[in-house]
Number of protein chains: 2
Amino acid sequence: MDIARSEVFEAGTPVACRSCQARHGVVCGALSNAQLKELNRHSLRRKVDAGSEIIAQGSESSFYSNIMRGVIKLCKMMPDGRQQIVGLQFAPDFVGRPFVRESTLSAEAATDAEICVFPRNLLDRMIAETPELQRNLHDQALNELDAAREWMLTLGRRTAEEKVASLLHLIATHAEPQTAISTAFDLPLSRAEIADFLGLTIETVSRQMTRLRKRGVILIENSRHIVVPDMAELQKISA
Amino acid sequence: MDIARSEVFEAGTPVACRSCQARHGVVCGALSNAQLKELNRHSLRRKVDAGSEIIAQGSESSFYSNIMRGVIKLCKMMPDGRQQIVGLQFAPDFVGRPFVRESTLSAEAATDAEICVFPRNLLDRMIAETPELQRNLHDQALNELDAAREWMLTLGRRTAEEKVASLLHLIATHAEPQTAISTAFDLPLSRAEIADFLGLTIETVSRQMTRLRKRGVILIENSRHIVVPDMAELQKISA
DNA sequence: ATCCGAGTTTGATCTGAATCAAATCGTAAC
DNA sequence: GTTACGATTTGATTCAGATCAAACTCGGAT
């Protein structure tokens with residue numbers, strides 16, 4: 001009888017991802033019930049504190065993840081200590097580099113976060129077996145590529161003021177609103193991290209923020225909490 | 001008898017891509033004989049002169065291509081004319097943005113080039129039907145993403161001298177050597193294009209090139225033809 | 001051969017952002 | 001509450017690269 005019920009379950013009822021509680025992720029949304037059950041046996045939900053490193057640059061990582069909550073920053077570090085943030089990822093993004101063992105960048109929680117962790121070997125097999133999963137990951141890779149190239153334009157050709165406005169606009173667009181006012185949000189990054197994202201120094205970031213404040217484009221409630229009275233104006237300055 | 005011979009051909013003999021004369025491309029390498037025959041009926045080889053635009057930023061493109069020969073540059077332009085080159089592509093790279101109709105960047109031949117042109121609709125169908133093709137394109141997207149992020153580090157955190165050295169090293173690594181000496185090559189880009197790739201001005205690029213020349217790191221035969229006596233030194237300056 | 005013009009190099013000067021240096025702010029520990 | 005310390009802001013000065021301006025190079029047209 002157990003077997004019979006199990007069979008029915010397998011055929012008709014959708015299985016939820018044990019970590020996501022659903023099937024909303026890039027990974028678990030693309031799997032069959034049988035695959036998801038197998039994945040459930042080997043994946044786990046993990047809480048990570050702000051600042052903790054998920055993947056280290058130059059290391060071999062044995063797992064991938066899905067972001068459930070929070071913001072993950074992708075960093076590249078030079079031997080002399082210079083650092084560049086090369087991407088920000090939000091829920092429900094996939095984190096990891098399929099097909100290559102050694103990571104050329106580090107992934108670090110910018111805020112407290114929760115991630116769904118999958119073993120690399122198992123997921124690699126599922127990618128090879130599941131065109132829809134491959135398609136989802138391909139899609140995300142292409143979106144990240146578009147974002148990276150947009151950011152190359154920002155880094156190469158925009159002024160400090162435009163850079164800061166671009167970042168605020170990016171965060172306002174991607175972060176979940178903190179209050180009912182959709183134009184208020186908490187910065188997931190410190191001034192130092194913003195500087196490392198924009199190719200600037202902390203002092204320049206700080207000065208540009210106060211300039212935007214004095215011009216009435218933003219309100220700074222405290223250094224992390226920002227309100228944008230006129231989002232269109234912010235966007236105009238970005239471009 | 002014709003039919004019988006055709007059948008044997010279908011089963012055993014590999015079909016060559018009409019444009020590539022082979023199956024070396026990202027696209028045609030992944031297809032079955034039957035698919036390749038269909039693709040052959042609808043694809044064509046095209047010569048493009050240096051400077052001619054293959055895809056326009058903001059336009060809908062109805063085709064993809066494979067680079068057979070030459071160098072293609074990917075550019076992003078701002079409304080006020082500021083420009084950033086966000087990628088260089090070499091044979092046998094794939095050119096195009098699967099899954100999105102409108103291009104957010106322009107693709108332009110940096111040198112005289114030859115490309116294999118495929119209709120978008122047909123190739124989209126083949127991607128959906130052919131996991132190996134999807135895998136190849138996914139792979140290329142991830143490699144381009146790695147390259148874009150490496151370049152973000154260059155744009156955000158490297159000095160003008162390091163930027164120029166990085167570019168010379170990139171070209172030396174990717175371009176086919178022009179002579180027997182593997183450290184001599186022709187720049188596929190003008191000073192203005194190099195400036196747009198590195199987020200600098202032409203004057204700064206020129207000055208850094210002469211500095212490298214005076215330090216004995218490179219020889220400039222004419223403004224386009226470069227010889228690198230000590231590639232390790234060049235690489236050291238890049239990092 | 002000479003002329004032309006785009007592309008490149010070189011020079012002089014300026015400026016936006018970096019660097020150096022202090023003063024505040026915020027908050028966690030006591 | 002007071003202390004202490006890291007994060008942020010603000011100020012003064014410097015500098016790498018931009019801008020403005022003028023030669024120079026070289027390949028192609030006449």
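Each chain gets a letter, A, B and so on, in the order the sequences are listed, and its residues count up from 1.
- With A:M152 as the partner, the side-chain contact (heavy atoms from CB on, under 4.5 Å) test is satisfied by one option alone out of B:T154, B:V86, B:I85: B:V86.
- Atom CD1 in A:I202 sits about 11 Å away from atom P in C:dA18, given to the nearest Å.
- Looking at A:L187, A:T183, A:L212, A:D186 one by one, the single match for side-chain contact (heavy atoms from CB on, under 4.5 Å) with A:I226 turns out to be A:L187.
- If you measure from atom CD of A:E221 to atom C1' of C:dC25, you get 16 Å, rounded to the nearest angstrom.
- Base contact: B:S206 has a heavy atom under 4.0 Å from a base atom.
- A straight line from CE of B:M209 to C1' of C:dT10 spans 15 Å, rounded to a whole angstrom.
- We find that CG of B:L198 is positioned 10 Å from P of D:dA18, with the value rounded to whole Å.
- Atom-to-atom, CG of A:N222 to P of C:dG26 comes out at 8 Å; the value is rounded to the nearest Å.
- Between A:L200 atom CG and D:dA16 atom P there is a gap of 17 Å when expressed in whole angstrom units.
- When rounded to the nearest whole Å, the span between NZ of B:K163 and P of D:dA18 equals 7 Å.
- In this structure, OG in A:S65 is found 11.5 Å from CG in A:D93, a value given to the nearest 0.5 Å.
- Classification of B:R157 and A:D196 as a salt-bridged pair holds, one side-chain N sitting under 4.0 Å from a carboxylate O.
- With distances taken from any side-chain atom of A:T204 to the nucleotides D:dT9, C:dT9, C:dA17, the minimum falls on C:dA17.
- The residue B:T201 sits close to a base: some heavy atom pair falls under 4.0 Å.
- Summary of the strand contacts: B:A192 and A:Q208 both lie near DNA chain C, and taking for each the nucleotide with the nearest heavy atom, the more 5' one is attributed to B:A192.
- Between the CD atom of A:E203 and the C1' atom of D:dT9 there is a distance of 10 Å, given to the nearest Å.
- Residue A:R69 holds its CZ atom at 13.5 Å from SG of A:C116, rounded to the nearest 0.5 Å.
- At C:dT10, one or more side-chain N or O atoms of B:T210 fall inside 4.0 Å of OP1 or OP2 (strictly under the cut-off).
- Taking the side chain of A:R207 as heavy atoms from C-beta on, and the options D:dA12, D:dT8, C:dT8, the nearest nucleotide is D:dA12.
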